[in-house]
Amino acid sequence: MKKNNEYPWYKYYVDMKKNLSVPDVSMYEMIRKTAIKYPHLNAYSYYGSKVTYKTFIRRINTCANAFVRMGVTKKDIVSIVMPNTPEAIICFYALNKIGAIINMIHPLSSEEELKFAFNLTGSKYAVVADISYGKVKNIISKTKLEKIIYTSVSESMDPLMKLGYKIKNSQKITSPSGEDTILYGKFLNRSKFVTKLIKSNVKGSDKAVILYSGGTTGKPKGIVLTNKNFNAVALGLLEINKVMGPGVSTLSIMPIFHGFGLGCTFHAVFVSGGHSIILPTFSPRKFDQIILKYKPNTIGCVPSLLEGLYNSKKLVDADLSFLKCVVCGGDSINKKLNKKLDEFFYEHGSEAKVRGAYGMTECTAGVTMTPLEESRFGSVGIPIPETEIKIINPETHRVCSSNEVGEICISGPTVMSEYLNDIEETKNILIKHKDGKLWLHSGDLGYMDKDGFIYFEARLKRMIVSSGYNIYPGQIEQIILEHPYVESCVVVGVPHPYKKEVVKAYIILKKGIVLNSEVKKSIRSHCEKNIASYALPYAYGYRKELPKTKIGKISYTELIKDKEED
């Protein structure tokens, strides 16, 4: 690392360590130490049922013994196909204790996606949720899977909730069958036959988790992350976050099969001695109800979940003083929404400000965050301890000056090990620079101001090139959002026969605004006054809502293919 005075962001490290000592241990070992320190604090709750750290570790140890009895050994790859549930988390840390590599798969994946993930890793064992079991059974003969551990999303619910769950999801659930399937309860009973104490001899450098890229260009890539990657991101985020800690509750709604959810809203919480409020699924439209019901101290989420809060009728007279911190990642949050939310929380008794964050799965999902003491609208914050970020010209690799847009590059202990079975793609993204350091080329465009605050502009692939001009969608979106009729907006580049690409804007109008020719004319006029002619939207599409990916991000690919326009 450079000397302290060479990093402009260090002046905002108020009561923060600049360098961290990341223990050379497993993720399991990190939370085992938490459990020793805070045995009687709540580790997690699931629909109101609370579990202490002492019980949490005991359940993990029992589960680890059961996996050993089944034949799982260090470096075996075991798949988990589950939403956020206690069983998924317990299995995750149990496998990590043994030293197995955990292949995290989205439970709503298609049969083809499941087959791809199983075959890429060669998994012999899988822990599968009831909602995914039917699809897994349909393709099991086309994989190396030998044994499925079947568990219901309702496993840890109380009897009444279990009944309601089964009635509601009866059409989606396939009953377990065949010798290749074992029920979770029977699986755990196998732990009784393991009398020898399992010693966790797992190191920080050991490969621990496989997560998947979005796969927007062809097939998804398996991202291999180590114990050190997750432990470093947890310690770095806790250092800059300052709110999370023993007994502090976090609404853990970001999925465990995504780096943001697994690393930031689960592992970091458990390392800190915090209380994870686990929810397997929820309707974004009921986000306000969830906040009032569970009263979390901190929330980690994507911008789309926050958009409706300040208009919520249920929150009009609500006391939100319990809310201390809101971290927003996944997509950058626009300045207008950020300002509205900050004012909204303040008016409802909360100290929380929406704190922008940035990361990608290839660097364990979290490498910047807005510090507690200094917020700047539009920024995703400053690098967390032990992480270095620089902005470079994507073609020449020249380091950009302050406020100059270029590719965001990341170096530090959170950077992935490799893309699984893909040497060529690994070489394309992990590059050694002249300084001797290994840098992750993010494929994201952004800039750094003179104080070291990072501003995300767009994916490099999302940058629009029209008649030779580089156009950054975020800048156009910001201008359109300033129009009094506009609630939200997304700008994409669509193919054009001779300009290569042209700008298309998708707009959601504010409540009460009726779409008519006058409204359209007003928005067009606003754009013509404030946007350079080469970057003006070529077409406008008006929608009631924007399409989302499985984890709640805007689905840009769907919008690019859409033919709707004005």
Side-chain angles (χ1 to χ4, degrees), residues 8-9 12-14 16 233 236-244 250-251 253-254 258-261 263-265 268 298-307 309-310 323-346 350-361 363-385 387 389 391 402-403 405 408 410 414 442 444-459 462 472-475 477-478 481 488-490 551-554:
W9 57 82
Y12 299 99
Y13 273 25
V14 180
M16 279 173 58
V233 85
L237 289 175
L238 292 174
E239 196 67 31
I240 197 167
N241 182 281
K242 294 187 181 179
V243 176
M244 295 166 73
T250 295
L251 190 60
I253 50 175
M254 296 308 295
H258 187 267
F260 186 13
C264 308
T265 68
T298 73
I299 298 172
C301 62
V302 291
S304 59
L305 288 178
L306 298 172
E307 286 172 359
L309 288 185
Y310 58 86
L323 193 59
K324 307 296 180 189
C325 176
V326 178
V327 178
C328 191
D331 276 332
S332 57
I333 184 167
N334 68 67
K335 296 176 188 177
K336 187 178 176 183
L337 177 59
N338 197 331
K339 190 165 186 270
K340 274 186 179 180
L341 286 165
D342 284 0
E343 289 169 357
F344 173 79
F345 291 139
Y346 179 78
S350 172
E351 301 168 9
K353 289 186 176 180
V354 179
R355 296 168 65 181
Y358 167 81
M360 54 193 296
T361 308
C363 56
T364 330
V367 289
T368 76
M369 186 186 288
T370 303
L372 189 62
E373 296 83 4
E374 178 81 15
S375 61
R376 297 186 185 187
F377 292 130
S379 172
V380 292
I382 58 175
I384 65 172
T387 294
I389 290 180
I391 313 295
S402 294
N403 301 316
V405 174
I408 300 169
I410 303 139
T414 67
S442 69
D444 288 335
L445 291 169
Y447 63 93
M448 183 187 294
D449 68 18
K450 63 183 177 60
D451 295 321
F453 279 77
I454 311 293
Y455 296 78
F456 172 81
E457 286 289 326
R459 288 290 295 165
R462 212 189 141 216
Y472 303 113
Q475 295 176 359
E477 288 164 357
Q478 200 60 54
L481 284 166
S488 61
C489 166
V490 169
I551 64 161
K553 290 185 181 183
I554 301 294

The reported gap from CE in M254 to CZ in F260 (rounded to nearest 0.5 angstrom) is 5.5 Å
| task | Please answer whether the main-chain N or O of S375 pairs with a side-chain N or O of T370 as donor and acceptor at a distance below 3.5 Å. | result | no
In short, T250 meets M244 closest at the heavy-atom pair OG1-CE, 4.4 Å
T368 side chain vs V380 backbone, donor-acceptor pair below 3.5 Å: yes
Working note: E239 + I384, criterion side-chain contact (heavy atoms from CB on, under 4.5 Å); need CA distance, chi angles, decisive distance, verdict.
CA-CA 8 Å; E239 196 67 31; I384 65 172; over 6 Å; no
CD1 of I408 to CD of E457, rounded to nearest 0.5 Å, is 9.0 Å
| task | Decide if atom CD of E373 counts as having more than 12 heavy atoms of other residues, nucleotides or ligands within a radius under 6.0 Å. | result | yes
Taking every heavy atom of I240 against every heavy atom of M369, the minimum-distance pair comes out as CD1-O, 3.4 Å
Here the gap from Y447 atom OH to I391 atom CD1, rounded to the nearest 0.5 Å, amounts to 10.5 Å
Between V326 and C301 the two heavy atoms that sit nearest each other are CG1-SG, 4.4 Å
Rounded to the nearest 0.5 angstrom, the CG-CG distance for L341 and L306 is 5.5 Å
- Query: Are any non-hydrogen side-chain atoms of R355 and N241 less than 4.5 angstrom apart?
  - Reply: yes
Where do V327 and T298 land on the side-chain contact (heavy atoms from CB on, under 4.5 Å) test, with the steps shown first? CA-CA 8 Å; V327 178; T298 73; over 6 Å; no
Notebook entry, point to check: So, does R376 use its side chain to make a donor-acceptor pair with the main chain of Y455 at under 3.5 Å?
Noted result: no
Exactly one candidate in F377, Y12, Y358, W9 meets ring-ring contact (aromatic ring centres under 6.0 Å, His included) with F453; the answer is Y12
In terms of heavy-atom contacts, M16 and K242 come closest through CG-CE, 3.8 Å
Next on the checklist: Using a 6.0 Å cut-off, check whether atom NZ of K340 has over 12 heavy atoms from anything other than its own residue.
Outcome noted: yes
Hey, is the main chain of C363 close enough, under 3.5 Å, to the side chain of T414 for a donor-acceptor pair?
yes
In short, P385 meets G236 closest at the heavy-atom pair CD-O, 3.7 Å
For D342, the salt bridge (charged side-chain N to carboxylate O under 4.0 Å, His left out) test, sequence neighbours excluded, returns none
So OG of S442 and CE of M360: to nearest 0.5 Å the spacing works out to 5.5 Å
Scanning both residues in full, the closest heavy-atom pair of V302 with C328 reads C-SG, 3.8 Å
Value for CD1 (I253) from CD1 (I299), rounded to nearest 0.5 Å, stands at 7.0 Å
